[in-house]
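The structure appears right after this line, and notes come after that.
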Amino acid sequence: MGLRVYNTMSGKKEDFQPRLPGKVGMYVCGVTVYDYCHIGHARANIVFDIIFRYLLFSGYETTYVRNYTDVDDKIINRANERGILSKDLAEEFITAFDEDMDSLGLIKPTHEPRATEYIRQIIEITQKLIDKGIAYEAAGDVYYSVDKFPNYLKLSKRNMDDMLAGARVTPGEQKQNPMDFALWKTAKPGEPSWESPWGKGRPGWHIECSAMSSSLLGESFDIHGGGRDLIFPHHENEIAQSEGASGKPFVKYWLHNGFVNVDQEKMSKSLGNFFTIRDILKTYDAEVIRFFILSAHYRSPIDFSDHNLVEAQSGLRRFYEALDAAERATSDVDQKENRSTDGAKVEEKFREAMDDDFNTALAIAHLFDGVRTMNRLISTKKFKKKQELIAQVQDLHETILRLGEVIGLFRSQPSAWLEKVKLAGLIRLEITEEEIGESIQQRLQARKEKDFSRGDEIRNDLEARGILLLDTREGTNWNLK
RNA sequence: GGCCCCGUCGCCAAGUGGUAAGGCAGAGGUCUGCAACACCUUUAUCAGCAGUUCGAAUCUGCUCGGGGCCUCCA
């Protein structure tokens, strides 16, 4: 059974069959660069990152395009507020976006075009729509006439009459129908602008995606993605523009990720309840964020909270503990040829889960099963003398790492990751590594003198402060409670 | 008002017609001087009601509760 994806257009899961066998073209709406990215952006980008990775893993030659919208009202307004050029503002936040995505461990899309690099194509499409009678000029603006596109609202499944009841007309706009939207806006003084057949101006919001996608992927392509909130009006308008201009079907599969909520409510700028990626990264490891996001299906809403991130961290730690143990258990053993079937089983289950509309939550559950099997094998008596078990562990270990890579997990050195999380936790506990070290020395001394009650006292004191002591053959270590 | 989504164990979360994955937390046990890790065992009939069906958490209707889009938003 092959890949199945939920298509917003049909409202159900469909067998995934790219237009050209073995090749996939995917366009995902990126960000408008006027502010730092929040956790909602993180989700959208991580989700499509793993979709991209999984398509590659499944053998599809995939072209992934993710754009930057670097000309827009919000950018202009923000730049004016700060008294800088909108171009410089855009540049600043493109850099910030790249840094954020990098720290979240995303792989680079094939192309990352900017709207302002495609002004020529935007003008071409706009002109074509005018020529076809689908768009019209009014005082330097160009509007798309939604009445001329019979399939308008087919993606969002709305009804024009109902929409009209709530539509608002901004004064100064000369729309024939209140639902019409701008393809080209005439420039106001001081705004960035480009020469066009309709005078100096700049693109409307939706047209840049039509221009960039058709330029890089062709007029028809396989997957178009983005957050749910882009379904209307953004994607609806993209369809109208692209299909109106080309006369060809635009996109085969529409994929939309769910929201990140805070206290059951959508995170949004207007509510002021958003968290930026950079803020969260001060407290939590980037991989914890990824793990948290992938522990739910991409279409479900997820609730962002401290509690949920801590839980995600616990889950991820379980993986790293196991990977660390596997590494240590097999490090001094030669790689054996005899492979086992455990890894193959995990991989089969993993693929099955991912094939079902990228069910990462289920896929991770199967990896957890692999972890348990691996731990069980390692704790078998005389493990190191049993070649068969060693081979099994090596196989599982390799499989978990390889499959983890497909969803961008387990990329760190286990011991280093565990150490990092441990040290990060100290900040919250207001205790230093040195203090702990001193206590350990005191306890060691007490134990040497057979003063176990004193030793336990030290252990209990530390435990009260959130530190657990671990006695091993190699000496005493500590961990967060 | 129109359209749409959701309500599964204490918490997170899969499952969307054949009789409830996984994680976290909890309980009991093995291991350990103690502890931790790990391992073993253990914990739900799926908001409610009424239908369809041999059979439903999964389909239909209604009720209750939560949320989203319709204005910028991932």
Side-chain angles (χ1 to χ4, degrees), chain A residues 8 11 13 28-32 34-35 37-48 72-74 77 153 156-168 170 179 205 225-234 256-261 264-271 274 291-292 295-297 299-303 305 307-319 321-322 324-325 349 353 356 359-369 371-372 374-380 447 450 452-453 455-456 459-460 462-463 468-472 476-481:
Chain A
T8 307
K13 285 183 198 169
V28 175
C29 289
V31 286
T32 299
Y34 72 104
D35 206 346
C37 287
H38 55 60
I39 181 77
H41 296 111
R43 183 181 196 190
N45 284 287
I46 287 171
V47 162
F48 287 100
D72 167 90
D73 289 351
K74 292 189 291 292
N77 293 339
L153 304 181
S156 54
K157 296 166 185 63
R158 291 157 200 271
N159 169 298
M160 183 71 85
D161 295 334
D162 295 328
M163 298 289 292
L164 282 172
R168 61 168 78 155
T170 308
M179 293 294 292
W205 173 31
R228 283 191 87 80
D229 44 3
L230 293 181
I231 295 173
F232 186 89
H234 188 55
H256 293 99
N257 66 274
F259 295 131
V260 176
N261 294 157
Q264 256 79 258
E265 244 181 343
K266 180 189 169 183
M267 172 156 52
S268 75
K269 305 232 162 164
S270 49
L271 286 167
F274 62 92
F291 191 85
F292 161 66
S295 65
H297 185 88
R299 282 187 284 116
S300 311
I302 46 173
D303 209 49
S305 69
H307 173 257
N308 287 345
L309 281 183
V310 168
E311 234 180 48
Q313 180 162 295
S314 301
L316 187 55
R317 182 190 292 134
R318 182 168 160 80
F319 274 106
E321 295 270 13
D324 190 38
K349 293 275 197 185
D356 186 11
N359 193 335
T360 51
L362 188 56
I364 288 173
H366 294 315
L367 295 182
F368 268 119
D369 285 337
V371 161
R372 194 199 293 111
M374 200 164 69
N375 282 332
R376 192 186 302 156
L377 291 169
I378 293 171
S379 59
T380 307
R447 291 195 334 157
K450 302 276 185 226
F452 289 115
S453 60
D456 285 350
R459 169 192 286 289
N460 292 337
L462 283 174
E463 191 168 336
L468 281 173
L469 293 185
L470 317 172
D471 295 329
T472 67
T476 301
N477 215 325
W478 60 272
N479 209 336
L480 300 175
K481 195 174 171 185

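In what follows, chains are A, B, ... by sequence order, proteins preceding strands, each numbered from 1.
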**Request:** Indicate, with a heavy-atom threshold strictly under 4.0 Å, whether F259(A) touches base, sugar-phosphate, or nothing.
**Result:** base
**Message:** Distance check, P atoms only: G29(B) and C34(B), in whole angstrom units.
**Reply:** 14 Å
**Item:** Nearest-Å distance for atom pair CG/C1', residues N261(A) and A74(B)
**Value:** 12 Å
**Item:** W478(A) and L462(A), any side-chain heavy atoms less than 4.5 Å apart
**Value:** no
**Message:** Determine whether D35(A) and K74(A) satisfy the following criterion, salt bridge (Lys or Arg N to Asp or Glu O under 4.0 Å), listing intermediate values before the conclusion.
**Reply:** CA-CA 9 Å; D35(A) 206 346; K74(A) 292 189 291 292; over 6 Å; no
**Asked** Could you state the CG-C1' distance from L153(A) to C69(B), rounded to the nearest angstrom?
**Response** 12 Å
**Request:** Take atom P in G48(B) and the same atom in C64(B), then report the distance between them in whole Å.
**Result:** 16 Å
**Request:** Using the C1' atom on both, measure A13(B) against C24(B) and round to a whole Å.
**Result:** 11 Å
**Asked** Using a cut-off of 4.0 Å on non-hydrogen atoms, how would the nucleic acid contact of V28(A) be classed: base, sugar-phosphate, or nothing?
**Response** nothing
**Request:** May I ask you to say what G40(A) touches in the nucleic acid, namely base, sugar-phosphate or nothing, with a heavy-atom cut-off under 4.0 Å?
**Result:** base
**Asked** Can you check whether F292(A) reaches L316(A) side chain to side chain, under 4.5 Å on heavy atoms?
**Response** no
**Message:** For the P atoms, the ones on A21(B) and on A44(B), what distance do you get once it is rounded to whole angstrom?
**Reply:** 11 Å
**Asked** Under the ring pair (Phe, Tyr, Trp, His ring centres under 6.0 Å) test, which residues partner Y34(A), sequence neighbours left out?
**Response** none
**Asked** Looking for any heavy atom pair under 4.0 Å, which part of the strands does N257(A) touch: base, sugar-phosphate only, or nothing?
**Response** base
**Request:** Return the nucleotide paired to U42(B): Watson-Crick means purine N1 to pyrimidine N3 with N6-O4 or O6-N4, wobble means G-U with N1-O2 and O6-N3, both under 3.5 Å.
**Result:** G26(B)
**Request:** Taking side chain to side chain contact (heavy atoms under 4.5 Å, CB included) as the test, write out the residues that go with L362(A), two or more places apart.
**Result:** A353(A), N359(A), H366(A)
**Spacing of D303(A) atom CG relative to C11(B) atom P, expressed in whole Å** = 13 Å
**Prompt:** Could you run down nucleotides 14-24 of chain B 5' to 3' and tag each one B, S or - for protein heavy-atom contact under 4.0 Å?
**Reply:** SS-----BSBB
**Request:** Applying side-chain hydrogen bond (donor to acceptor under 3.5 Å, both in side chains), name anything that partners H297(A), two or more places apart in sequence or on another chain.
**Result:** D357(A)
**Complete:** For R376(A), the side chain to side chain contact (heavy atoms under 4.5 Å, CB included) test, sequence neighbours excluded, returns R372(A)
**Asked** Is any side-chain N or O of N375(A) closer than 4.0 Å to OP1 or OP2 of C39(B)?
**Response** yes
Sub-3.5 Å pairs of nitrogen or oxygen atoms, protein against nucleotides 3-5 of chain B:
residue	atom	partner	partner atom	Å
C3(B)	O2'	K157(A)	O	3.2

**Message:** Using atom P in both nucleotides, what's the gap between G51(B) and G1(B) to the nearest angstrom?
**Reply:** 29 Å
**Message:** Taking side-chain hydrogen bond (donor to acceptor under 3.5 Å, both in side chains) as the definition, give me every residue that meets it alongside N77(A), ordered by chain and number, with sequence neighbours left out.
**Reply:** none
**Prompt:** Taking 4.0 angstrom as the limit, do K349(A) and D369(A) come out as a salt bridge?
**Reply:** no
**Request:** Assign H307(A) to base, sugar-phosphate, or nothing according to its heavy-atom contacts below 4.0 angstrom with the strands shown.
**Result:** sugar-phosphate
**Asked** To the nearest angstrom, how far is I302(A) atom CD1 from G68(B) atom P?
**Response** 15 Å
**Message:** Heavy atoms only, 4.0 Å cut-off, all strands: where does G11(A) land among base, sugar-phosphate and nothing?
**Reply:** nothing
**Prompt:** Could you write nucleotides 31-36 of chain B as a row of B, S and -, 5' to 3', where a protein heavy atom under 4.0 Å of any base atom gives B, of only sugar-phosphate atoms gives S, and otherwise -?
**Reply:** --BBBS
**Request:** List in chain and number order the residues that pass side chain to side chain contact (heavy atoms under 4.5 Å, CB included) with V28(A), two or more places apart in sequence or in another chain; answer none if no residue qualifies.
**Result:** M26(A), F48(A), Y64(A)
**Prompt:** If you find the nucleotide of RNA chain B closest to V371(A) and the one closest to F232(A), which residue's nucleotide is nearer the 5' end?
**Reply:** V371(A)
**Asked** Between U71(B) atom P and N77(A) atom CG, what is the distance in whole Å?
**Response** 19 Å
**Complete:** Heavy-atom nearest pair, H256(A) first then R299(A), reads O-CG, 3.5 Å
**Message:** Applying the Watson-Crick and G-U wobble criteria at under 3.5 Å, what pairs with C3(B)? Answer none if nothing qualifies.
**Reply:** G68(B)
**Complete:** If pairing means Watson-Crick or G-U wobble with both distances under 3.5 Å, then the partner of G17(B) is none
**Request:** Sticking with atom C1', work out how far C46(B) lies from A56(B), rounded to a whole angstrom.
**Result:** 10 Å
**Request:** Round to the nearest Å and state the distance from H234(A) atom NE2 to U71(B) atom P.
**Result:** 16 Å
**Item:** Watson-Crick or G-U counterpart of G55(B), or none if no pair lies under 3.5 Å
**Value:** none
**Prompt:** Under the side-chain hydrogen bond (donor to acceptor under 3.5 Å, both in side chains) test, which residues partner S305(A), sequence neighbours left out?
**Reply:** N308(A)
**Prompt:** Between A14(B) and G23(B), how far is it from one C1' atom to the other, in whole Å?
**Reply:** 11 Å
**Asked** Whole Å only: how far is the CD1 atom of I378(A) from the P atom of A38(B)?
**Response** 11 Å
**Request:** Please name all residues satisfying side chain to side chain contact (heavy atoms under 4.5 Å, CB included) with R317(A), sequence neighbours left out, ordered by chain then number.
**Result:** Q313(A), E321(A), W417(A), L418(A), V421(A)
**Fill in**
With sequence neighbours left out, the residues meeting side-chain hydrogen bond (donor to acceptor under 3.5 Å, both in side chains) with T32(A) are none
**Complete:** Whole-Å distance, Y34(A) OH to C72(B) C1', equals 7 Å
**U8(B) versus C59(B) - spacing of their P atoms, nearest Å** = 15 Å
